[in-house]
Amino acid sequence: MESPSAHVVSLPEDEELQPWRGAGGPGQHPARPRSTECAHPGVVEKVRPKWDNPLQFLLVCISYAVGLGNVWRFPYLCQMYGGGSFLVPYIIMLIVEGMPLLYLELAVGQRMRQGSIGAWRTISPYLSGVGIASLVVSFLASVYFNVINTWALWYLFHSFQDPLPWSVCPLNSNRTGYDEECEKASSTQYFWYRKTLNISPSIQENGGVQWEPALCLILAWLIVYLCILRGTESTGKVVYFTTSLPYFVLIIYLVRGLTLHGATNGLAYMFTPKIEQLANPKAWINAATQIFFSLGLGCGGLIAFASYNEPSNDCQKHALIVSVINSTTAIFSSIVTFSIYGFKATFNYENCLNKVILLLTNSFDLEDGFLTASNLEEVKNYLASTYPNKYSEVFPHIRNCSLESELDTAVQGTGLAFIVYTEAIKNMEVSQLWSVLYFFMLLTLGMGSMVGTGTAILTPLTDSKVISSYLPKEAISGLVCLINCTIGMVFTMEAGNYWFDLFNDYTATLSLLLIVLVEIIAVCYVYGLKRFESDLRAMTGCTLNWYWKIMWAFVSPLLIVGLFIFYLSDYILTGTLQYQAWDATQGHVVIKDYPTYALAVIGLLVASSTMCIPLVALGTFVTRHFKSREQFPAA
């Protein structure tokens, strides 16, 4: 499968990349001394930083992979696609997609010992655009992703109030009742849409920058800057905290969640399999998508992390460990989420029953305590047949209470994190404590992902001799954070949440699928799978298993092509792209079409990364063509 492409660049012989060479025996190259000096006197080669130990590398990969998607995306998918039965396609996709692609990126980074741009340029000059595309995606993702940390900080600061500000509706301006918008929605929705976002009715009404979220955004970027300030020196220390603390909080929440009233209802809902969902293609597509994006494939972060490894590091073992821990964490966090979800659903269901019981008791002058949840349906039938006229007057006010419908309400993303969870937390005892723990966990998960994304951006920049010769690492980090923070102010405006959803939905999906597809083709068919296998054997001393070869050469690329076609056709068949807008007069979201300029932004987001690959390849071809003509002019 090795391709004898004339444009593949041979790698320099380095004692670190060639650990199998002896000290100068027969037929061997003599070992070279470890020195920072090049062959030319007075020229000093830049020593590449390394992780202090393999554990640091493992932790930074886990912190990068285990993120908010494990907490608010995976439980939603379980809820939507058959509970326990969703684990079947999820585990299969982990084996045929997640593990192979994660190993591929770690191996490339460790072999080439450069960031995303340099690594792919080393394989072929025509592939520099792959690294640039990864850099663009990571930059765009960091612009909007840190807004989640902004919201986490906002809620964390408000978690110290008693009572929690989202636990009750505020009074209206006349102080004669509750705020009308809050009454039509709920106290948690009101705090999210009105107090946190102060959201406008549509994306066309941008409004101004709101100073409180803006300050939280500046603080969030300041924290990120301190974490990535000195590259591996600072990142390696931070990951001990960002990796361990979320598990500590999840364990505490698990113990608390299992003791909540109604938790078993949520767990039974999660683990009861709906086998018919296995025949649903969307279940398999979403399982593949969840694996793909939760591991951070295609963003350049994994390549950057691995580039700081010792060449002899066993990256295959680390790929397996990170994949298993990432998926295990998703399942573990789902158990925590569904125990709390069961508590919330049971609380709402019983609250609904109590309101119906109170209404019927007062309307028909029933004895207190006579009407209970167990005899409610029987008494309702009796009242309807005995007092039909009076019952018909009361009937429109009787709510239909159903535990199943409460559990069926599927919510993901910010809706799960900032509305559903807060709804449950406000009804817990010592709610301030649980709120602080929860939003501190969200903050550490988000910061762990941001540290990885920041590394994906900074590594190619600091690897660049042009940039690093003018600016120190600290200045490059500060400049990146400053630019990101400035652009991110868009998300603190009244229409900021609509722009956040737009970036979140369209920045990475198609782009990352295309990037990873080109990565696989580059390794297997440009660099050559046999050649890459030989490199891995030389680095680690391990022979590449047939499983990895089959996955890389055939299964994984075909799967990515299928996903790419699905998403592309889904966008085309959907027609006019739409978004959810908050209607304050009704107290719920409504569907609206994106305006023309928003569609243009979507197109720009997708093109800004994907077009890097063909344009850089074309530019390289033209440059090489003219150089060859200059060297060999026509006679």
Side-chain angles (χ1 to χ4, degrees), residues 60-61 63-73 105 115-117 130-152 217 220-221 223-225 227-228 235 242 289-305 326 413-414 417 442-443 445-461 477 480-492 496-516 519 567 601-613:
V60 77
C61 288
S63 180
Y64 180 57
V66 176
L68 295 172
N70 298 74
V71 175
W72 69 24
R73 173 72 176 165
E105 292 208 347
S116 55
I117 297 176
V130 179
I132 296 173
S134 295
L135 178 63
V136 171
V137 170
S138 293
F139 177 80
L140 293 174
S142 65
V143 167
Y144 77 85
F145 190 87
N146 212 27
V147 179
I148 300 172
N149 294 325
T150 300
W151 295 329
L217 179 64
W221 275 110
I223 296 172
V224 172
Y225 174 66
C227 292
I228 64 174
T235 302
T242 59
T289 305
Q290 175 64 17
I291 287 289
F292 187 94
F293 293 113
S294 68
L295 289 172
L297 300 169
C299 295
L302 297 168
I303 293 176
F305 297 150
N326 177 65
T414 53
L442 277 192
L443 184 62
L445 284 172
M447 283 299 168
S449 298
M450 280 302 302
V451 166
T453 306
T455 304
I457 298 169
L458 291 175
T459 300
L461 298 179
S477 302
V480 168
C481 291
L482 179 62
I483 294 172
N484 272 288
C485 184
T486 303
I487 300 174
M489 287 296 167
V490 171
F491 305 110
T492 66
N497 189 58
Y498 303 135
W499 289 107
F500 171 86
D501 288 338
L502 185 147
F503 270 67
N504 188 41
D505 291 340
Y506 301 105
T507 292
T509 306
L510 290 175
S511 304
L512 291 181
L513 289 172
L514 180 62
I515 289 169
V516 175
E519 288 180 356
Y567 279 105
V601 172
I602 291 172
L604 185 62
L605 287 175
V606 176
S608 61
S609 54
T610 55
M611 292 307 294
C612 290
I613 300 174

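This one's a predicted model, so the numbers in the text were calculated from it and none came from an experiment.
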Side chains of [X] and [Y]: closer than 4.5 Å at any heavy-atom pair?
| X | Y | result |
| --- | --- | --- |
| Phe145 | Ser138 | no |
| Asn326 | Ser294 | yes |
| Val451 | Tyr64 | no |

Quiz item: What heavy-atom pair brings Ala417 and Trp72 nearest, and what distance separates the two atoms?
Solution: CB-CE3, 3.3 Å
Quiz item: Can you name the closest pair of heavy atoms from Leu512 and Phe292 and give their distance?
Solution: O-CZ, 3.5 Å
Quiz item: Does the Glu519 side chain pair with the main chain of Gly298, one donor and one acceptor, at a distance under 3.5 Å?
Solution: no
Exercise. Measure from the side-chain N and O atoms of Ser142 to the backbone N and O of Phe139, and report whether any donor-acceptor pair falls under 3.5 Å.
Key: yes
Quiz item: For Asn146 and Asn149, does a side-chain donor sit closer than 3.5 Å to a side-chain acceptor?
Solution: yes
Quiz item: Would Ser511 and Tyr506 count as having a side-chain donor-acceptor pair, cut-off 3.5 Å?
Solution: no
Quiz item: When you look at Tyr567 and Thr289, which way does the side-chain hydrogen bond (donor to acceptor under 3.5 Å, both in side chains) test go after all the steps?
Solution: CA-CA 10 Å; Tyr567 279 105; Thr289 305; 2.7 Å; yes
Exercise. Just do the side chain to side chain contact (heavy atoms under 4.5 Å, CB included) check on Leu502 and Leu605 with the steps written out, would you?
Key: CA-CA 10 Å; Leu502 185 147; Leu605 287 175; 3.6 Å; yes
Quiz prompt | Derivation of the side chain to side chain contact (heavy atoms under 4.5 Å, CB included) call for Val601 and Trp499 | solution = CA-CA 10 Å; Val601 172; Trp499 289 107; 4.1 Å; yes
Exercise. State the OH-OG1 distance between Tyr144 and Thr507, to the nearest 0.5 angstrom.
Key: 5.5 Å
Quiz item: From Ile228 CD1 over to Leu458 CG, what is the distance, rounded to the nearest 0.5 angstrom?
Solution: 4.5 Å
Practice problem: Begin from the C-alpha positions of Val490 and Phe500 and carry the test side chain to side chain contact (heavy atoms under 4.5 Å, CB included) through to its verdict. | Solution: CA-CA 9 Å; Val490 171; Phe500 171 86; over 6 Å; no
Quiz item: Taking the six-membered ring for Trp, are the ring centroids of Phe491 and Trp151 within less than 6.0 Å of each other?
Solution: no
Practice problem: Would you check, one step at a time, whether the test side chain to side chain contact (heavy atoms under 4.5 Å, CB included) holds for Cys299 with Thr453? | Solution: CA-CA 8 Å; Cys299 295; Thr453 306; over 6 Å; no
